[in-house]
Amino acid sequence: MTGKLLWVVAFLLTVGALVYQRATGPTHPARVSYTLAGAEVDARLVRSGTTDEAAVVAVPIPPSPWTGTLVWKRYPTEDAYAEIPMAPEEERLVARLPIQPPAGKVTYFVRLTG
């Protein structure tokens, strides 16, 4: 009986760790919330990508006159931040981070104006 109980506990711990990693792991998009034009907006920001295509950063927005800029730099360097204008696509503003070499890291933020 004790053996079965230990297996059940081990299974529940494993499933709990799996769910926690899936929700908070470094490859899972970061969830952010912001207030824009009096409305609460929820977005997901990419935290990982592949080395053969640009990572897409997209945020939902209300209609014009809102514009956005993706501000980024390679991490951990003393490089200056570079800016990429975001373009509207459907109900979102979208920009693409430049392709990085294998294991390349960037830090970025989105600046919205309007």
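FYI, the numbering just counts along the sequence from 1. Keep in mind that what you see is a predicted model, and the values were worked out from it rather than measured.
The shortest heavy-atom contact between P60 and Y34 is O-OH, 2.7 Å. Summarising the geometry of M86 relative to L70, their closest heavy-atom pair is CG-N, 3.8 Å, with the distance given to 0.1 Å.
Note on K73 versus D79: no salt bridge recorded, every NZ/NE/NH1/NH2 to OD/OE distance being 4.0 Å or above. Salt bridge status for R111 with E83: present, with a side-chain N to carboxylate O gap under 4.0 Å.
Side-chain contact, E40 with T35: a donor N or O sits under 3.5 Å from an acceptor N or O.
Judged purely by atom type and a 3.5 angstrom limit, E89 has no side-chain atom pairing as donor or acceptor with the backbone of A87.
For the pair L97 and Y108, the minimum side-chain heavy-atom distance is below 4.5 Å. In this structure, V56 and V46 have side chains that are not in contact, with every pair of non-hydrogen atoms separated by 4.5 Å or more. Within the 4.5 Å cutoff, the side chain of P88 has no heavy atoms near those of the W66 side chain. Residues V32 and D42 have side chains not in contact (no heavy-atom distance under 4.5 Å, counting atoms from C-beta outward).
Rounded to the nearest 0.5 angstrom, R74 CZ and K105 NZ are separated by 12.0 Å. Rounded to the nearest 0.5 Å, atoms CG (L93) and OG1 (T69) are 9.0 Å apart.
Hydrophobic clustering places F11 together with V8 (ILVMFWY residues linked when any side-chain heavy atoms are closer than 4.5 Å, directly or through intermediates). In the hydrophobic clustering of this structure, V57 groups with V106; members are Ile, Leu, Val, Met, Phe, Trp, Tyr whose side-chain heavy atoms approach within less than 4.5 Å, directly or through other members. F109 and L112 fall into different hydrophobic clusters, where Ile, Leu, Val, Met, Phe, Trp and Tyr residues are linked whenever their side-chain heavy atoms come under 4.5 Å apart, directly or through other members.
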key: CA sep, side-chain torsions, deciding dist, call: I84, W72, side chain to side chain contact (heavy atoms under 4.5 Å, CB included)   = CA-CA 8 Å; I84 302 171; W72 74 279; 3.4 Å; yes
query = Could you walk me through whether V94 and V59 pass the side chain to side chain contact (heavy atoms under 4.5 Å, CB included) check?
reply = CA-CA 7 Å; V94 176; V59 293; over 6 Å; no
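A search for side chain to side chain donor-acceptor pair (under 3.5 Å) contacts involving E90 returns nothing, not counting sequence neighbours.
Within a 6.0 Å sphere centred on CZ of R47, heavy atoms belonging to other residues, nucleotides or ligands number more than 12.
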